[in-house]
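The first residue of the sequence shown is numbered 1, and numbering continues consecutively from there. Values in this document were obtained by computation on a predicted structure and should not be read as measured data.
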Amino acid sequence: MQENDQEHFKRELGLLDGTMLVVGSMIGSGIFIVSADIARQVGSAGWLTLIWLLSGFITVVAAVSYGELSAMFPKAGGQYVYLKEAYNKLIAFLYGWSFFAVIQTGTIAAVGVAFSKFAAYLYEPLSDENILYELGAFKLNAAQLVSILTIIILTFINSRGVKNGKILQTVLTIIKILSLLGLVIFGLTLAAKASVWDANWADGWSTRTFDKESGSWLPISGTALISGISAAMVGSLFSSDAWNGVTFIAGEIKNPKRNVGLSLFLGTFIVTSLYVITNLMYLAVVPFDEIATAKFDRVAVVASDYIFGNIGALIIAIMIMISTFACNNGLIMAGARVYYTMAKDGLFFKKAATLNSSSVPAWALWAQCFWASALCLTGKYGDLLDFVIIIVLIFYILTIYGIFILRKKMPDLERPYKAFGYPFLPMLYIIVATAICVSLLITKFSTCGWGVLIMLTGIPVYYLTKPNE
């Protein structure tokens, strides 16, 4: 992509905006929910904390590794561009294909459904149990309509210019950080009990799994423990994902060679710290068995009940609605830039390569809105998360390996920022993420296998639609 393609984008985003995009896109509903599933998989306070620490650590390692790539190629499209430069157009296309088919749109749909689930707390008719229309096996419920409506509203706001999306993102993300910090502080000052903390850590490193049928804990070790850890990490890694969104909008960031890499580090570090202290607060307030058996996995609601009493659930519902709304704003804003860059390379619908009068890729925004809305109607967003995480990890591995390739392929290209801890930390990420992928394919083949299949169907599509070089 030529540099002059970038000139139509307006560089209106500073370091704060970039960092808030990373934080806002990462924190959705996961931190409020997934600790329940992690607790059931690994069975102790120490392991619950370790899973969040490990997920946070490898996320920060990946983010600081991306800093080198973002400084080398400071333009719209981010990860798609890095894959194209390190490998070839086919690998880049497979990423873009998966990104549009599942990764970005599937995540937008899942986050939209999470928003509507908690909106039903405030007004019950909005719940997924309120069926509005039935046709054979297909059922349309109120929650699906609410999630589609939020996606349309956010797409409209972003189609009016990057400034609108930026202001909304920064304001909502600051509210989100402060409310999560507030929950932790109130939890530790109002509801923390030494007896609960001590009981939770009494056998803090024993490994067990929760058997739903018998409602009891069973000890696990060996391969069962490894599959428990990898299954547990799906939730924490998904909650820590979407940090790379800032690389997609590099064409609109001021001084991108410095600010993109710095936004990646600051954003992932802030979120990892918030996630770990939130889980320590859960362990100080809620008995471990109640974390594992929280109704609908809503751990934050259980903690909030202990902290605030009856209005606890309401407080969490409002927090999650703000959180998921800001999360989707970031995802919607960033995603469209990838389709724009692909279209410029002749690998996506031509119309996606155009910018509107507000200097944003509006056609790409609305195409993304249409497909994400269609995915909301499937109602299978839980499966979508499994589809998403396996593909996301595969492309993170390929992108970070791309740093090694580019050091040999383009040794003289300016690198204003170099991957931290190279070659050890990037290689450590590749090893850990590969182990998780293999484990997921073995333990969750029915969903993760579909994810890999969706990615591979891009190969014939590429050769059928490839422009003549």
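Within the 3.5 Å criterion, the main-chain N or O of S147 finds a donor-acceptor partner in the side chain of T150. A donor-acceptor distance shorter than 3.5 angstrom exists from the side chain of T268 to the backbone of F265, with no hydrogens or angles considered. Side chain of D37 to backbone of R40: no donor-acceptor contact under 3.5 angstrom is found. Side-chain atoms of W97 come within 3.5 Å of backbone N or O of I454 as a donor-acceptor pair. A donor-acceptor pair under 3.5 Å is formed between the side chain of R11 and the backbone N or O of A250. In terms of modelled atom types and a separation under 3.5 Å, the side chain of R415 and the main chain of L413 share a donor-acceptor contact. Judged by distance alone, the side chain of W243 and the main-chain N or O of L264 form no donor-acceptor pair under 3.5 Å. In terms of modelled atom types and a separation under 3.5 Å, the side chain of Q144 and the main chain of L377 share a donor-acceptor contact.
K350 NZ to W363 CH2: the interatomic distance, rounded to the nearest 0.5 Å, is 12.5 Å. Atoms CD1 and OG, from I152 and S159 in turn, are 12.0 Å apart once rounded to the nearest 0.5 Å. Rounding to the nearest 0.5 Å gives a distance of 5.5 Å between CE of M20 and CD1 of I174. Note that CD1 of I397 and CD1 of I431 are 11.0 Å apart. Values are rounded to the nearest 0.5 Å. In this structure, CD1 in I38 is found 6.5 Å from CD1 in I51, a value given to the nearest 0.5 Å.
Using cut-offs of 30° and 60° on the angle between ring planes, the pair Y121 and F118 is parallel. Classified by interplanar angle (parallel below 30°, tilted 30° to 60°, perpendicular above 60°), the ring pair Y339/F100 is perpendicular. Below 30°, between 30° and 60°, or above 60°: for F248 and Y95 the angle between ring planes is between 30° and 60°, a tilted geometry.
Around atom CH2 of W366, more than 12 heavy atoms belonging to other residues, nucleotides or ligands sit under 6.0 Å away. Crowding of F138 atom CZ: a count of heavy atoms from other residues, nucleotides or ligands under 6.0 Å exceeding 12. Within 6.0 Å of NZ in K351 there are 12 or fewer heavy atoms belonging to other residues, nucleotides or ligands. The environment of OH in Y401 is sparse: at most 12 heavy-atom neighbours from other residues, nucleotides or ligands sit within 6.0 Å.
For the side-chain contact (heavy atoms from CB on, under 4.5 Å) with Y396, the lone residue among I391, I430, L237, N244 that qualifies is N244.
Of the charged side-chain nitrogens involved, none lies within less than 4.0 Å of a carboxylate oxygen, so that D345 and K89 do not count as a salt-bridged pair.
Qualifying salt bridge (charged side-chain N to carboxylate O under 4.0 Å, His left out) partners for R160, counting only residues two or more places apart in sequence or in other chains: none.
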For S25 and M333, what are the C-alpha separation, side-chain angles and deciding distance, and is it a side-chain contact (heavy atoms from CB on, under 4.5 Å)?
CA-CA 10 Å; S25 300; M333 183 198 296; over 6 Å; no
Full working for side-chain hydrogen bond (donor to acceptor under 3.5 Å, both in side chains) between W52 and S35
CA-CA 9 Å; W52 282 103; S35 292; 3.3 Å; yes
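Here the closest non-hydrogen pair linking S98 and F395 is OG-CE1, 3.8 Å. Of all non-hydrogen atoms in L331 and A242, the two that sit nearest each other are CD2-CB, 3.6 Å.
Applying the side chain to side chain donor-acceptor pair (under 3.5 Å) definition to pairs two or more places apart or across chains, those involving residues 317-337 are N158-N329, Q169-N329, E252-R337.
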Side-chain donor/acceptor pairs under 3.5 Å, residues 254-262, sequence neighbours excluded:
| from | atom 1 | to | atom 2 | distance (Å) |
| --- | --- | --- | --- | --- |
| K257 | NZ | E414 | OE1 | 3.2 |
| N259 | ND2 | K254 | O | 2.8 |

